[in-house]
Protein chains: 2
Amino acid sequence: MKVTIREVARQANVAPSTVSRVLKNSPSISQATKDKVNEIIKKLGYHPNEIARSLANKSSQTLGIVMTASAEDSFLNPFFTQFILGVTRYIENFDYSLLLSSAKNEEDELNQISRAVNSKRVDGIILLTVREQDENVKYLLKSQFPFVVVGRPNNEGDIMWVDNDNTKAMKDVTETLISSGHKRIAFIGGSQKLQVTKSRLLGYKEALQRHEYPVEKDLIIEADFTEEEGYRATVELLKKQRDIDAIVTTDDLIAYGSMGAIKDLGYQIPQDISVTGFNNTLLAPYLSPSLTSVEINATELGCQAAKILLKHICDEELESNHHIVDTKLILRSSTK
Amino acid sequence: MKVTIREVARQANVAPSTVSRVLKNSPSISQATKDKVNEIIKKLGYHPNEIARSLANKSSQTLGIVMTASAEDSFLNPFFTQFILGVTRYIENFDYSLLLSSAKNEEDELNQISRAVNSKRVDGIILLTVREQDENVKYLLKSQFPFVVVGRPNNEGDIMWVDNDNTKAMKDVTETLISSGHKRIAFIGGSQKLQVTKSRLLGYKEALQRHEYPVEKDLIIEADFTEEEGYRATVELLKKQRDIDAIVTTDDLIAYGSMGAIKDLGYQIPQDISVTGFNNTLLAPYLSPSLTSVEINATELGCQAAKILLKHICDEELESNHHIVDTKLILRSSTK
DNA sequence: CTGAAAGCGCTTACAG
DNA sequence: CTGAAAGCGCTTACAG
């Protein structure tokens, strides 16, 4: 037999509204009544129906995440799982849940998002990516629906976001290489249209300039986030240029491809050329040589994204509309 | 201004119940009325409130998954992400959603599960693991709540499950090695208390017996699912035994550790000793030599788990209480 | 083919 | 300190 608030009320000889107040531990209820009601609750094993609660409260106590097409195929990256873990860990303290949906492709993302928004099943949404002209962001802004994005958006002021300090992270990498004696450092990054590439490239340049190294255009090269592209870019680089003694990349997979090219061209890692990755994926410790990379702390990003979004939803004061999560350079055998 | 079914009804000059029927495309509504109502729905951008729907229907149109403690820390395994993807892809065709929660540890799992059950927020639950004496399973059984588990349970008859045919998979691996001329094949597996280890060990034995190879106790060794344990087990094996020319393992990480030990002891892979992994993790293609492994099709497992559970929830006829997902042996350079 | 009414299981403003 | 009533936004059995 199903037990509802009415049944509890009946057996406790009180009104349903009283039971409801006991449930939220309202100060206006006498201790005696609370004890009596709680006893019946326990006896009957009563648990409130959260659907009914959501309807009455007009709040689903749920956040939503749409797995984007791009997030899916990069299974190499533990990012998604770790991020989710950070989110769930944080929100369960507030009795919030996480609703997940997956988009088949880029266009499908908007469907998933609008469904989540319109169905009233979530109180807020976390976007795992931001694009240059982001339709998802535009839609959410127009709908005045609470959301937070992962990654630094163009129009920073308007929306909430969490991200690493990519510029600082890449500056660290480059400066570490400089201080260990590397003289000519190349940069292989993703599309320079991406904000994340821009930021990391900037960090690379800042480090060079700070140490009065020239910034050479020919040492900066674009590659997609694949092994093949890392390989291609590295071959291109090493065929034309001499004296390169380090290559920094913006992704472990690019670095892996790069390492393959370096070996194939007869160089040794790190004796002749040092290589660094980014994102500290599962791969990094298992490559040979193991790959120096940058840990981005995805769990912490998830936690902070949830935190900022939840605060906004609960109308709490936000000190800032964003949060920067620290990175950590993990030194391994691919650098000297 | 929020738009509800009442507002649509008012503007269309019909009753809310009629709008509701139009929404589910009830055959008892005239086409003229449907057209009229649909026009208003479109004009107002009306979307039903799914929370209210759930309450009225007593169905949340949602499945739940609890991330177990063990699932979390094996980030090497893309299993979780792929599985989730399979689930979401399948259920969205039925307008179902996926609710995710994470357990801090083994005991916390039951909390998460009972919360999901009692809150009425999910119509069914997917368990990512089954244990020997599984409290979660007991609880769900007692609650008469729909659920499906990943992995073959002890009391197969009672509950729904999806799994690979681990026995067949390992038999394939072993027979492939036999047919390529390997003479003395060792087995390193996880705890023999685990059903999955038992099944894989059985496959190994069946292959040997079928080809009239002796089953030697000394060639079968237990190790945890870590690199270190794979290393330890392999050293133990190779120190005591001669003429081993292949080692099959039940996990890529064990295989990775094993490969390290083989190299350190001065043997070549695969010339002297072939090695195989299992689960075809992200690692496998990137190791040197790249690792032969067994693809378990986690996405398909997720899809089938969702399918069987959804059918049960919808009271559809189930041909079977379980589903076996095919595995695929991926041959790479670690075997000859 | 359509509508009025009751109900899903809660919450909360109001009254006492 | 507590209760009766109305409401959250839907659905569906019943009546016509």
Side-chain angles (χ1 to χ4, degrees), chain A residues 1-38 40-41 44-62 95 97 115 117-123, chain B residues 1-38 40-41 44-62 95 97 115-123 314:
Chain A
M1 191 206 84
K2 92 196 144 199
V3 23
T4 67
I5 203 171
R6 282 191 59 182
E7 182 60 20
V8 174
R10 201 183 60 77
Q11 294 207 26
N13 281 315
V14 295
S17 46
T18 300
V19 177
S20 178
R21 292 187 187 103
V22 171
L23 248 17
K24 61 191 308 201
N25 200 20
S26 159
S28 73
I29 300 288
S30 74
Q31 193 56 47
T33 305
K34 281 183 183 173
D35 291 347
K36 184 173 61 177
V37 171
N38 279 322
I40 302 291
I41 286 175
L44 298 181
Y46 168 72
H47 294 266
N49 179 322
E50 290 187 15
I51 298 285
R53 219 173 221 187
S54 291
L55 183 60
N57 285 330
K58 294 166 158 305
S59 146
S60 62
Q61 298 276 111
T62 303
D95 282 330
S97 304
R115 186 186 163 204
V117 169
N118 292 314
S119 69
K120 307 284 190 294
R121 298 198 46 160
V122 303
D123 297 340
Chain B
M1 192 207 85
K2 91 196 147 199
V3 22
T4 67
I5 203 171
R6 283 190 60 181
E7 182 61 21
V8 174
R10 201 183 61 76
Q11 295 206 26
N13 279 316
V14 294
S17 47
T18 300
V19 177
S20 178
R21 291 188 188 102
V22 171
L23 248 18
K24 61 191 305 200
N25 201 18
S26 159
S28 72
I29 300 288
S30 74
Q31 193 56 48
T33 304
K34 282 184 183 174
D35 291 346
K36 184 175 58 177
V37 171
N38 279 322
I40 302 291
I41 285 175
L44 298 181
Y46 168 71
H47 294 267
N49 180 321
E50 290 186 17
I51 298 284
R53 222 174 219 186
S54 291
L55 183 60
N57 285 330
K58 295 168 155 303
S59 145
S60 62
Q61 297 276 112
T62 304
D95 282 329
S97 304
R115 185 186 164 202
V117 169
N118 291 314
S119 69
K120 305 287 188 295
R121 297 197 47 157
V122 303
D123 297 341
C314 301

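Keep in mind it's a predicted model, so treat the numbers as computed, not measured.
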### Message
Holding to salt bridge (Lys or Arg N to Asp or Glu O under 4.0 Å), I want the full list of residues that pass it with A:Arg121, two or more places apart in sequence or in another chain.
### Response
B:Glu50
### Query
Just by modelled atom types, is the B:His47 backbone N or O under 3.5 Å from a matching donor or acceptor in the A:Asn118 side chain?
no
### Message
Using only atom types and a distance under 3.5 Å, with no angle test, would you say the side chain of B:Asn57 pairs donor to acceptor with the backbone of B:Ser59?
### Response
no
### Close side-chain approach of B:Ile51 to B:Leu55, heavy-atom, < 4.5 Å
no
### Query
Is a side-chain N or O of A:Arg10 found less than 3.5 angstrom from the main chain of A:Ile5, in a donor-acceptor match?
no
### Task
Please list residues of residues 49-62 of chain A whose heavy atoms come under 4.0 Å from any atom in DNA chain D, ordered by number; otherwise none.
A:Leu55, A:Ala56, A:Lys58
### Message
Applying side chain to side chain donor-acceptor pair (under 3.5 Å), can you list everything that pairs with A:Asn38, at least two apart in sequence or on another chain?
### Response
none
### Query
Looking across every strand, which nucleic acid part, if any, lies under 4.0 Å from B:Arg21 by heavy atom: base, sugar-phosphate, or nothing?
base
### Query
Starting at the 5' end of DNA chain C and moving along, which residue's nearest nucleotide shows up first, A:Lys24 or B:Asn13?
B:Asn13
### Message
Mind checking if B:Ser28 touches a base, just sugar-phosphate, or nothing, with heavy atoms under 4.0 Å?
### Response
base
### Sugar-phosphate, base or nothing in reach of A:Ser17, heavy atoms under 4.0 Å
base
With a cut-off of 3.5 Å and sequence neighbours excluded, list every side-chain donor-acceptor pair involving residues 18-29 of chain B.
unit_1  : atom_1 : unit_2  : atom_2 : d
B:Asn25 : OD1    : B:Lys34 : NZ     : 2.9
B:Ser26 : OG     : B:Ser28 : N      : 3.2
B:Ser26 : OG     : B:Ser28 : OG     : 3.0

### Message
Ignoring hydrogens, what is the shortest heavy-atom contact between A:Ala12 and A:Lys36? Give both atom names and the distance.
### Response
O-CE, 3.4 Å
### Message
Could you check whether any side-chain N or O of A:Thr62 sits under 3.5 Å from a backbone N or O of A:Ser60, counting only pairs where one atom can act as donor and the other as acceptor?
### Response
yes
## Note on the structure
chain B vs DNA chain C, heavy-atom contacts under 4.0 Å, first-to-last nucleotide span, 5' to 3', is C:dC1 to C:dG9
### Query
Base, sugar-phosphate, or nothing: which does A:Ser30 touch, judged by heavy atoms less than 4.0 Å apart?
sugar-phosphate
### Task
Check DNA chain C for consecutive Watson-Crick or G-U pairs with both distances under 3.5 Å and list the runs of at least three as stems.
C:1-3 with D:14-16, C:5-12 with D:5-12, C:14-16 with D:1-3
### Task
Start with the C-alpha distance between B:Asn49 and B:Thr4, add both sets of side-chain angles, then the distance that settles side-chain contact (heavy atoms from CB on, under 4.5 Å), and finish with yes or no.
CA-CA 8 Å; B:Asn49 180 321; B:Thr4 67; over 6 Å; no
### Message
Less than 4.5 Å apart, side chain to side chain, heavy atoms only: is that true for B:Thr33 and B:Ser30?
### Response
yes
